[in-house]
Number of protein chains: 2
Amino acid sequence: MSTPASEEQADTKVARYQIGEVADRTGVTQRTLRFYEEKGLLRPPERMDGGFRLYSDEDVERIEYIRRLQQYLGFTLAEIKEMVEAEDLRQQIIATFRPDRELPARLDRVLRAAGALERQLEVVDHKVEALAEMQEDLRAKLERVTTRRHELEEAIAQQAAETK
Amino acid sequence: MSTPASEEQADTKVARYQIGEVADRTGVTQRTLRFYEEKGLLRPPERMDGGFRLYSDEDVERIEYIRRLQQYLGFTLAEIKEMVEAEDLRQQIIATFRPDRELPARLDRVLRAAGALERQLEVVDHKVEALAEMQEDLRAKLERVTTRRHELEEAIAQQAAETK
DNA sequence: ACGCACCATGACGTGTACGTGAGATGGGAG
DNA sequence: CTCCCATCTCACGTACACGTCATGGTGCGT
């Protein structure tokens with residue numbers, strides 16, 4: 001009664017959503033979700049017996065992450081793919097923390113994840129720098145324009161006073 | 001002898017470059033320059049008698065500005081067009097500083113320029129915020145991965161010592 | 001006046017990031 | 001079991017930002 005339609009999984013406890021609900025929650029279309037999957041941006045989600053996709057909360061977070069990267073930061077999907085793949089590596093690293101065998105393989109994953117993170121950080125640093133510069137520039141211009149505006153308003157007021 | 005090929009304009013003093021040189025200087029293709037002009041991002045440059053385009057230093061700066069907006073900040077050309085149009089308004093405001101007639105018209109231009117600048121600044125502020133967040137996130141992840149890396153390297157060193 | 005690199009204008013092609021049906025299947029409500 | 005909406009898989013369409021010929025004119029050194 002009190003549980004929403006998509007959370008009635010009392011035994012497994014993990015919530016699963018089908019594509020329509022995920023689309024509503026994230027604000028992207030179903031087409032886009034399938035497209036991201038096709039392009040390797042989203043891991044293929046579970047399926048119901050009939051073939052319907054079942055997304056997890058983790059998937060939803062990832063979708064929101066992808067959208068932020070795209071909309072606010074202007075990354076291409078190819079760049080984002082690299083980034084989420086690095087994220088997957090990190091997850092794998094965390095997941096394989098317990099089994100203490102084959103250390104070199106784990107080190108390799110860690111090194112690749114570190115490399116990916118460094119490259120991402122470099123790109124972001126570049127963008128931050130460019131943006132900060134642009135921000136300053138805009139602020140300065142706005143200030144000058146505002147000054148000019150006050151001058152003009154004063155001049156118009158004065159002219160009106162003279163005409164009167 | 002000491003003057004580069006494109007600066008031999010001893011009388012007018014203003015340097016003019018044709019499209020190939022501008023392309024080399026800015027790193028964009030000639031096609032892109034014509035495309036920007038077509039789309040209204042660049043004011044139609046001067047032409048030689050034969051029809052060859054002649055760009056000024058100002059044009060070159062504008063091209064570099066456009067590229068920064070596009071590459072580092074992820075604006076679309078349509079958005080950039082709005083922004084450079086605001087820039088043109090600013091230029092006009094400066095140019096029409098002397099003739100002190102028709103003050104209301106000048107105020108109108110100033111107000112529109114201010115509005116455009118404010119909108120741009122809002123977008124940039126948004127992006128700066130998102131980027132800063134992402135930067136922090138990446139730094140934290142990189143630090144964790146680096147820690148994990150050192151742990152692994154130590155573990156491997158220890159294992160090697162034991163085997164020996 | 002000749003040669004040749006440079007430039008002009010179309011016109012069509014390409015890659016990215018989806019949009020938009022079409023037609024078939026799934027699956028829970030009555 | 002039937003209704004009916006949601007989802008499935010192709011497959012073609014589209015807007016943006018150019019790339020890529022094709023064809024022909026320009027500018028200048030010799």
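Letters A, B, ... are given to chains in the order of the sequence lines, protein chains preceding strands, and every chain is numbered from 1. Keep in mind the model is a prediction, meaning the values are calculated, not measured.
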Engineer: Starting at atom CZ of B/Arg31, determine the distance to atom C1' of C/dG13, rounded to an integer number of angstrom.
Structural biologist: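 Atom CZ in B/Arg31 sits about 11 Å away from atom C1' in C/dG13.
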
Engineer: Nearest whole angstrom, please: distance from the C1' of D/dT9 to the CZ of A/Phe35.
Structural biologist: 16 Å

Engineer: Which heavy atom of A/Ile93 sits nearest to which heavy atom of A/Val110, and what is that distance?
Structural biologist: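 That closest heavy-atom pairing would be CD1-CA, 3.8 Å.
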
Engineer: B/Phe75 CZ to D/dA17 C1': how many Å, rounded?
Structural biologist: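 B/Phe75 atom CZ is separated from D/dA17 atom C1' by 17 Å.
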
Engineer: Give a yes or no on whether a salt bridge exists between A/Glu58 and A/Arg43, defined as a side-chain N under 4.0 angstrom from a carboxylate O.
Structural biologist: yes

Engineer: Tell me the interatomic distance from A/Gln30, atom CD, to C/dA17, atom P, rounded to whole angstroms.
Structural biologist: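 Distance check: A/Gln30 CD to C/dA17 P gives 21 Å.
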
Engineer: Quickly work out the A/Met48 CE to D/dT7 P distance and round it to whole Å.
Structural biologist: 10 Å

Engineer: What is the distance, to the nearest angstrom, from the CG atom on B/Leu54 to the P atom on C/dC7?
Structural biologist: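 Interatomic distance, CG of B/Leu54 to P of C/dC7: 10 Å.
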
Engineer: Just to confirm, is there a sub-4.0 Å distance from OP1 or OP2 of C/dC18 to any side-chain nitrogen or oxygen of A/Gln70?
Structural biologist: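 Yes, within the criterion.
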
Engineer: Below 4.0 angstrom from OP1 or OP2 of D/dA17, is there any side-chain N or O of B/Tyr36?
Structural biologist: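 Checking B/Tyr36 against D/dA17: no side-chain N or O falls below 4.0 Å of OP1 or OP2.
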
Engineer: Using only side-chain N and O atoms of A/Thr32, determine if any of them is under 4.0 Å from OP1 or OP2 of C/dA17.
Structural biologist: no

Engineer: If you find the nucleotide of DNA chain D closest to B/Thr76 and the one closest to B/Gly51, which residue's nucleotide is nearer the 5' end?
Structural biologist: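 Of the two residues, B/Thr76 wins.
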
Engineer: Whole angstroms only, please: what is the CZ-P distance between A/Arg47 and D/dT7?
Structural biologist: 13 Å

Engineer: Salt bridge between B/Arg139 and B/Glu136, side-chain N to carboxylate O under 4.0 Å?
Structural biologist: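 Yes, B/Arg139 and B/Glu136 are salt-bridged.
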
Engineer: To the nearest Å, how far apart are A/Phe52 CZ and C/dA24 C1'?
Structural biologist: 11 Å

Engineer: May I ask you to evaluate whether A/Arg53 reaches the phosphate of C/dG26, defined as a side-chain N or O under 4.0 Å from OP1 or OP2?
Structural biologist: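 For C/dG26, neither OP1 nor OP2 has a side-chain N or O of A/Arg53 closer than 4.0 Å.
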
Engineer: Looking at A/Arg62 and A/Glu87, is there a salt bridge between them, counting it only when a charged N and a carboxylate O are closer than 4.0 Å?
Structural biologist: no

Engineer: Between A/Thr29 and B/Ile19, who's closer to the 5' end of DNA chain C by nearest nucleotide?
Structural biologist: B/Ile19

Engineer: Is a salt bridge present between A/Arg149 and A/Glu153, judged by a nitrogen-to-oxygen distance below 4.0 Å?
Structural biologist: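 So A/Arg149 pairs with A/Glu153 through a salt bridge.
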
Engineer: How is A/Arg34 classified with respect to the nucleic acid when contacts are heavy atoms under 4.0 Å: base, sugar-phosphate, or nothing?
Structural biologist: base

